[in-house]
Amino acid sequence: MAPTLALVGATGAVGTVMIDIINGRESVPWGEIRLIASPRSAGKKITVRGEELTVIALSPEAFDGVDVAMFDVPDEVSAEWAPIAAERGAVAVDNSGAFRMDDAVPLVVPEVNSDKVRERPRGIIANPNCTTLSMMAALGALHREFGLTELVVASYQAASGAGQPGIDRLQAELAAVSGKDLGAKAGDVRAALEAAGLPLSDTPFAGTPLALNVVPAAGSYKGDGWFSEELKVRNESRKILGIPDLKVSATCVRVPVVTTHSLAVHATFAREVTVEAAHKVFAAQPSIVLVDDPANGEFPSPAEVVGGDPTYVGRVRQALDFPNTLDFFVCGDNLRKGAALNTYEIAEQLAPEFN
């Protein structure tokens with residue numbers, strides 16, 4: 001009998017993308033697909049692979065008979081309900097931050113450490129943060145060949161990384177400033193937003209405008225100058241790549257892009273690496289698209305990448321003054337590969353266990 005898949009958070013931003021991915025597959029390994037959400041979303045009708053399914057409310061009984069449960073819900077909801085799903089016999093694949101650094105929970109990117117899905121003593125597998133995940137296919141491939149030792153990253157993160165409230169806020173801000181002559185003096189954008197009824201006390205972007213601006217603060221402030229997104233890059237990269245002493249420093253910046261995170265990566269390796277060798281490594285990876293002809297204006301950017309499944313890599317170059325070091329630019333749709341697709345690929349990898 002084919003296994004049963006549950007999607008918890010089916011009506012959310014990433015849950016909707018998960019359903020799009022399932023609908024876009026030529027075939028799926030599931031006998032039943034169960035949609036689960038909060039009580040306020042229960043009863044909604046969503047078409048999955050040609051069948052109209054009714055969303056059911058989150059409850060312990062909702063996991064009865066489920067083999068794999070994908071979670072796209074806030075941390076506190078996953079922290080409560082993923083263990084319940086596991087107790088009911090499902091493998092929980094969680095997209096929140098609740099379990100990523102739990103030693104008893106593997107943090108998995110199938111292109112990098114797919115073997116870890118079998119090591120799940122709590123019955124839970126974690127999906128990385130979308131910022132870390134955007135560069136993992138590229139870094140994992142390079143690490144296998146050259147041995148990564150140091151990593152410096154600057155991220156340029158889309159508003160959708162803050163969820164639907166981030167998307168809504170950016171779009172409202174863009175509408176408020178559209179057509180106005182702004183930026184001549186400090187406070188112009190702030191004043192325009194206040195006049196449009198968009199007080200900065202309501203923004204998810206650290207009390208700062210995102211329209212016509214960049215915000216060097218992503219996530220919550222953790223002290224000593226660091227924000228949570230930056231610490232996630234460090235801690236998750238170490239765990240996924242299996243390099244506990246990897247030297248990592250990150251600066252995470254929110255930019256006025258709706259969807260697709262970009263990262264400027266400065267990576268140092270134990271062995272000599274060249275641009276030509278890196279190109280060969282990237283070209284051999286089925287989930288990486290190499291776009292690297294800057295002389296002719298060919299390199300990745302969010303506007304060209306949004307909606308795609310692969311990781312896009314370009315601007316690959318030998319770092320000046322730094323031996324065994326490459327600089328390159330990475331773009332990945334943070335709602336697809338950065339969240340929904342990776343979670344679903346983990347679920348697909350688990351499916352044969354239940355046939």
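Bear in mind the structure is a predicted one, so any value in this text is a computation, not a measurement.
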Inset, instruction - Evaluate the side-chain proximity of L5 to D67: yes if any heavy-atom separation is below 4.5 Å, no if none is. - result: no
Inset, instruction - Identify the heavy atoms of V313 and A138 that sit nearest to each other, and give their distance. - result: CG2-CB, 4.1 Å
Inset, instruction - Could you tell me whether the side chain of T311 reaches within less than 4.5 Å of the side chain of V289, counting heavy atoms only? - result: no
Inset, instruction - Run the salt-bridge test on E230 and R234 with the 4.0 Å N-O cut-off and return the result as yes or no. - result: no
Inset, instruction - To the nearest 0.5 angstrom, please state how far the CG atom of N23 sits from the CZ atom of R49. - result: 7.0 Å
Inset, instruction - State whether the side chain of H261 and the backbone N or O of Q157 hold a donor-acceptor pair below 3.5 Å, judged by distance alone. - result: no
Legend entry - Salt bridge E348-R25, side-chain N to carboxylate O under 4.0 Å: yes
Legend entry - Side-chain heavy atoms of V177 within contact of L193, under 4.5 Å: yes
Inset, instruction - Please find out if less than 6.0 Å separates the ring center of H266 from that of F322. - result: yes
Legend entry - Non-hydrogen side-chain atoms of L58 and W81 separated by less than 4.5 Å: yes
Inset, instruction - Locate the shortest heavy-atom distance separating P216 from F227; write the atom from each residue and the value. - result: O-CE1, 4.2 Å
Legend entry - Expected output: side-chain E52 to main-chain I46 donor-acceptor under 3.5 Å: no
Inset, instruction - Starting at CG of N127, measure out to CG of D72 and round the result to the nearest 0.5 Å. - result: 9.5 Å
Legend entry - Test item: N129 side-chain N/O and K232 main-chain N/O as donor-acceptor pair under 3.5 Å: no
Inset, instruction - Could you tell me whether the side chain of L151 reaches within less than 4.5 Å of the side chain of L139, counting heavy atoms only? - result: yes
Legend entry - Min side-chain heavy-atom separation L35-T54 under 4.5 Å: no
Legend entry - A277 backbone acceptor or donor facing T274 side chain under 3.5 Å: yes
Legend entry - Check ion pair E229-R254 (N to O, under 4.0 angstrom): no
Legend entry - Min side-chain heavy-atom separation R120-L350 under 4.5 Å: yes
Inset, instruction - Indicate the atoms forming the closest heavy-atom contact of A104 with R122, along with that distance. - result: CB-CG, 3.7 Å
Inset, instruction - In plain terms, say whether K180 and E173 are close enough for a salt bridge, that is, a side-chain N and a carboxylate O under 4.0 Å apart. - result: no
Inset, instruction - Taking the six-membered ring for Trp and the single ring otherwise, decide whether the centroids of Y312 and F299 are under 6.0 Å apart. - result: no
Legend entry - Heavy-atom side-chain contact between F329 and S262 under 4.5 Å: yes
Inset, instruction - Report yes or no: does T260 contribute a side-chain atom to a donor-acceptor pair with the main-chain N or O of V305 at less than 3.5 Å? - result: no
Legend entry - Salt-bridge present (R88, D64; N to O < 4.0 Å): yes
Legend entry - Least distance between heavy atoms, R169 atom then L198 atom: NH2-O, 3.0 Å
Inset, instruction - Determine, for E32 against R34, whether the closest basic-nitrogen to carboxylate-oxygen distance falls under 4.0 angstrom. - result: yes
Inset, instruction - Could you tell me whether K337 and E111 make a salt bridge, using a distance below 4.0 angstrom between a side-chain N and a carboxylate O? - result: yes
Inset, instruction - Measure the spacing between OG1 of T203 and CG of D168 and express it to the nearest 0.5 Å. - result: 11.5 Å
Legend entry - Under 3.5 Å side-chain donor-acceptor pair for N334 and S160: yes
